[in-house]
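Whatever order the structure lists them in is the order used to number ligands and atoms, beginning at 1. Just so we're clear, the structure is a prediction, and the values are computed from it rather than from any experiment.
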Amino acid sequence: MRFGKQDRLFVLTGAGISAESGLATFRGSGGLWNGHRVEEVATPEAWEANPELVWRFYSMRRRDATDAQPNAAHRALAAIEEQMGDRFYLCTQNVDDLHERGGSRRLHHMHGELFQSRCVSCERPFSDRKFYESAAALPACETCGEPVRPHIVWFGEIPLDMEGIYRQLDRATVLLVIGTSGSVYPAAGFVHIANQRGIRTMYIGPEEPQNAEAFDEILSGTATEIVPQLLYTFRSFQSRCQNAARDY
Ligand code: APR
């Protein structure tokens, strides 16, 4: 798929873009944590029943993300953003910080951020890189003493700033989706909204997502194989446009 400077690109990423940085996806092989499905540790009910288990899960994910490095796909998206400026918007379902460490700036974490926590009562998110791995270590709010939870959108909770996301989707001319199984809504429904608006849609990943039939184009391969090629296509399209303008 070709896209150029006049396009407005909306990118949606999922766990697959961080897979080649060594972070496990949720539903692929290795997608279990100590025998728990993600749904068993990423819900308000799990938090109510066993906050220690939930904090051990997110502490482990903090450790893994701290050790991981952005890969060529993260960096290529940042380079495309650099060229497109405000015509680029990146919405990620990932809670790791590899996009920002790869250079992305116009970025929204719709499912929250791994390196933020918030008090269940005050609700104000704050930066937090600590590990809480035992009942004795469970954090409490310094202001009101209530429990502190991960700043993560769990199953059954509403993703962050859906209004802003839909505003961006409304302006986009291309939807590019990378490395997500298409099984978790509302993100899995973005392609249907794009179709209603008649904009171009493309998916990148090694397997077809569950909503594959909704995409105009599926590019089969890993994120680091394909996303840098898009940057290359974008750059050569740009330079052809510049040459054409000069020759004119
Ligand atoms: N490059 C691109 N895609 C890949 C790669 C890779 N190297 N490796 C795996 N994938 C793809 C898989 O084929 C799969 O379709 O990444 C997808 C990962 O799917 P999931 O594990 O379901 O992750 P995701 O879709 O991001 O999950 C959505 O569910 O668990 C919740 O809130 C959590 O944000 C998460 C949401």
Problem set entry | Derivation of the side chain to side chain donor-acceptor pair (under 3.5 Å) call for N71 and S21 | CA-CA 6 Å; N71 63 45; S21 293; 3.2 Å; yes
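Only the side chain of V184 comes within 4.0 Å of ligand 1, counting heavy atoms alone; its backbone N, CA, C and O stay farther away. Residue-level proximity to ligand 1 for A15 is carried by backbone and side chain together, each with a heavy atom below 4.0 angstrom. In Q93, the parts holding a heavy atom less than 4.0 Å from any atom of ligand 1 are both the side chain and the backbone.
Residue pairs that meet the ring-ring contact (aromatic ring centres under 6.0 Å, His included) test with at least one member in residues 107-138, sequence neighbours left out, are W55-Y132.
Remark: of the listed residues T92, D64, D96, D96 is the sole one forming a side-chain hydrogen bond (donor to acceptor under 3.5 Å, both in side chains) with S18. None of R149, R118, R62 except one satisfies the salt bridge (charged side-chain N to carboxylate O under 4.0 Å, His left out) rule with D128; the exception is R62.
Counting heavy atoms from C-beta outward, L23 and L98 have side chains that approach closer than 4.5 Å.
Under a 4.0 Å criterion applied to the non-hydrogen atoms of G179, ligand 1 contributes the atoms 2 (C), 3 (N), 16 (O), 17 (C), 18 (C). Near G14, meaning under 4.0 Å from any of its heavy atoms, are these atoms of ligand 1: 26 (O). Residue E20 approaches ligand 1 through these ligand atoms, each under 4.0 Å from one of its heavy atoms: 1 (N), 6 (C), 7 (N). Which parts of ligand 1 touch A223 is read off a 4.0 Å heavy-atom cut-off, strictly below it: atoms 1 (N), 2 (C), 6 (C).
E81 approaches S104 most closely through the heavy-atom pair OE1-CA, 3.4 Å.
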Throw together a table of side-chain donor-acceptor distances under 3.5 angstrom for residues 176-193, partners on residues two or more places apart or in other chains.
residue: T180; atom: OG1; partner: Q93; partner atom: NE2; Å: 3.1
residue: S181; atom: OG; partner: S183; partner atom: OG; Å: 2.8

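The shell of residues lying under 4.0 angstrom from ligand 1, judged by heavy atoms, includes P206. Judged by the shortest distance from any of its heavy atoms, F155 lies inside the 4.0 Å radius around the atoms of ligand 1.
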